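All chains are named by letter (A, B, ...) in the order of the sequence lines, taking the proteins before the strands, and each is independently numbered beginning at 1. If you're wondering where the values come from, they're calculated on a predicted model, not measured in any experiment.
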Amino acid sequence: MLRKEVNELLTQTDPETPMGDMFRQYWIPALLASELPEDDCPPTRVKLLGERLIAFRDSKGRYGLMDEFCAHRGVSLWFGRNEEGGLRCPYHGWKYDYQGNCVEVPSEPEESGFCEKIKLRAYPLIKVGDILWTHMGDKENRPPEPEWEFATVPAEQTYTSKRWQECNWLQAMEGGIDSSHVSFLHSGSLKSDPLFRGAKGNQYNQNDKKPVFEVVEADGGLYIGARRMAEDGHYYWRITPWVMPSFTMVPPRGDHPMHGHFWIPIDDHNCWAWSFDYHPTRALTTDERQAMIDGWGVHNQYVPGTFRPRQNKDNDYLMDRDAQKRGESYSGIWGIAMQDASLQESMGPIVDRTKENLVSTDNGIIMARHRLRKAVTALRDKGTPPPGRTTDHQMVRSAARVLPPDQPFKDAMKDDLTVRPGVKQTSV
Amino acid sequence: MAGLHDLFFDPNHPTLLSGCARAATAEEAAFRVQYPNSTTRSSRIFALDPAAAEAMYAITEDPWNNAHFLTVTATGVTASTRADDLPLCHPDGSAATLESEIRDADVVVLLATTGDSEGAAEVIARECFNRNIMCAGLALGGGQDQPGVDRVVNSMRRFARVLVVANDTDYIPAMLTALRA
C-alpha cells in the first residue's frame, strides 16, 4: 500500500507539482517524427504533463513546440497557417516562430515593436531516431540529448509506436516492471504472437509459473530479475531494467527484436504508452516490421486516424470469451499491449493505492516507488537532479540467460545488461 | 468503426455505465465498495547482524500491524545449526525461538548487511521454505562489504522467494509499509 499523500506526490505531474518538476528534468518523447513529416506540414496538438501544446515544422525544417493558444484572444493555433517560417493564427494574423516568438501583428505598426512584447511559452523539439523529444524544464538544467540504443541504431533496425492509455502514467509504468504477470496474462500470446513465439525461453515461462525475484538497485534505477527453473538445477533469468522516471525494457526472447516502453503523462488521468522494438545488430525483417504495424508484440491496432487503440473501453476492448475458453488468450483480450492496458485502465484513472495488498513479489514496484519518492523530494527540497538524465544511465539493455544457481545475475550478466554497439543481445 | 458504435451503443439495449469498461472514470471510482479488504498480516522481521539490527531498531517504535522484530544475537551460526538452537531476541532483550515466531507468520523478512550472517540467513530461510512461508531477503549494500553482501544473498537464493539488494536502510520502512507489516 501507499499512503494517500505519497500516491498524490507520485501521480500528479501538472506544472508546479513535485513530480511534474521531476519529469521536466528529462528529455521525454513528445511526438513521432512521422507526425510532422515535411516542412510547412499541418501542425499537430500535443498535451504533455498537463500542458496543451502545438507542434509544427517550419519552412526551414525547424521543429517548434509551444503553447497551443494565440496570445491575442486564445484561439487554438491548430487552426493556424504554417507558412513562411512560422505559424500564423487565422483569426487576426498574429504569427509565431518555432521558438514561440511573436514575429508579426498585422494590425499594429511594424515600427511599434509591439510583437516583441509577445511570446508564447515554447520548448525545444529535437529529432533522435523516429521520435521528436522535448525538454520542458529550465534551459540551464538541460540534460544531454537522449542516447537510448533503440533511438540511435540505424533506422532499418528499429520501429516505434505510441498509443493513448486512459489512466495515470504510474500504474501503466508499474505494469512494465511487474514480470510475474507474464506467465498468466500473456501466456496465450507467448504461443501465438509472431514477435514472441518459438523462443526456448517461452518453455521456461510456461513450465514455472512461480518466478522468484531479485531486485537490485542501479545508479539510474533498478534491475528486476525474474528467475525460473531451467535444466540441471540451473536458473533461467529474465532481467527488466527500469531507468527513472519511466523507461522500461522487456527481456528478449530468442532472436526476436528487443522491446520496451516509455510511459509519459498526458495529464493525471491519461498517458502516452510509447512502445519500441529494435535489433542491435540487424535490420528488422519485412515480416517483423509488418507484424509491428499490424499491432503484434508490444504494439496495437488503432481507431483509424488516431492514436487511440481499436480495442478500448468504449467497446470493452473487444473481449472474446470464446478465445479465452479455447486457451488462445488468457484474459480474452487480443494482443499483449491491450491485455495490459485493459486491466490497467480498469483500475480507474488513478488507482487508490491505499487499498492495495502488495506481496513480497511486488518488491520491484515497491522499490521503484521508493526511488521515485526519494528523487522527487531530493529535487524539491535540495534541487538535486534526479537519476536517469545522463548518457551512462541510458546505456542499458534487458537480457535473458541461463545461469548456474550460485551466480548472481548482477555480476554474471553485467555486460549483457549494458549497451555494446555491434554486439547482439543476450537472449534465450 | 460505425459497426462497433452500433454494437455497443444500441439504443434498444442501453448499457449502464457501470456495466461496461467505460466505468473507469474518477466519478465511478467513488462507487467502489468501501470496506477493509484484508485482515492484519503477521510479519516477522529478522535482523541478522549488528548493523542490520541498528537499522531495524530505528523503526521498531513506529506503528506497525502485528509485526515482530527479532535479532540474531550470536555470530558463528552455520547453515547446519538446528532451527531450535538459533539464538534470537526481541527488542526488549527477551529470548525468542524461531519455531514460536514463525509458526503463524504470513511473511518473513530477513535483513542483512554482511556475509557474516549467511549461516543464520540460510537456517531461517530454509525453515520458511519448508513451512511454505513467504520469505523475503533484504541485503543492505550501500557499497560496503560487497563480497559479504553477495555471500548472504547467495545463501538465501535457494530459499527466499524475493531478494532485494538496496543501497540504503530507508528502504526497510518503505518495504514494510508497502507490505502492511
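- Contact annotation for Asp411(A): only side-chain heavy atoms (C-beta onward) come within less than 4.5 Å of a heavy atom of chain B.
- Between Val107(B) and Ser360(A) the shortest heavy-atom distance is CG2-OG, 3.5 Å.
- With a threshold of 4.5 angstrom between heavy atoms, Pro408(A) approaches chain B through its backbone and through its side chain.
- Checked against side-chain hydrogen bond (donor to acceptor under 3.5 Å, both in side chains), Arg180(B) has the following partners two or more places apart in sequence or in another chain: Asn357(A).
- Between chain B and the options Asp406(A), Val215(A), Asp352(A), heavy-atom pairs under 4.5 Å are most frequent for Val215(A).
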Practice item. Give the C-alpha distance, both sets of side-chain angles, the deciding distance and a yes or no for side chain to side chain contact (heavy atoms under 4.5 Å, CB included) between Met134(B) and Val359(A). Key: CA-CA 9 Å; Met134(B) 171 59 80; Val359(A) 292; 5.6 Å; no
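- A pairwise comparison of heavy atoms in Asn167(B) and Glu217(A) identifies N-OE2, 2.7 Å as the closest pair.
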Exercise for review: Would you sort out whether Arg22(B) and Asp316(A) count as a salt bridge (charged side-chain N to carboxylate O under 4.0 Å, His left out), showing the intermediate values?
Suggested key: CA-CA 8 Å; Arg22(B) 281 185 293 146; Asp316(A) 277 339; over 6 Å; no
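- Closest of all the heavy-atom pairs between Ala26(B) and His269(A) is CB-CE1, 4.0 Å.
- Per-residue counts of heavy-atom pairs under 4.5 Å with chain B were compared for Val212(A), Leu2(A), Val6(A); the largest is that of Val212(A).
- Per-residue counts of heavy-atom pairs under 4.5 Å with chain B were compared for Glu345(A), Lys313(A), Arg227(A); the largest is that of Lys313(A).
- Only the side chain of Tyr317(A) has a heavy atom closer than 4.5 Å to any heavy atom of chain B.
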Practice item. Check the pair Asp168(B) / Lys374(A) against salt bridge (charged side-chain N to carboxylate O under 4.0 Å, His left out), numbers first and verdict last. Key: CA-CA 11 Å; Asp168(B) 301 308; Lys374(A) 281 180 71 172; 2.7 Å; yes
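- Lys410(A) touches chain B through its side chain: at least one heavy atom from C-beta onward sits under 4.5 Å away, while N, CA, C and O do not.
- Only the backbone of Thr354(A) comes within contact range of chain B, judged by heavy atoms closer than 4.5 Å.
- Contacts with chain B were tallied for Met319(A), Glu166(A), Gln407(A), Glu356(A); Glu356(A) has the most, counting heavy-atom pairs under 4.5 Å.
- Contacts with chain B (heavy atom to heavy atom, under 4.5 Å) involve these residues of residues 362-372 of chain A, listed by number: Asn363(A), Ile366(A), Met367(A), His370(A).
- Closest heavy-atom contact between Leu358(A) and Ala178(B): CB-O, 3.8 Å.
- In this structure, chain B has heavy atoms under 4.5 Å from both the backbone and the side chain of Lys355(A).
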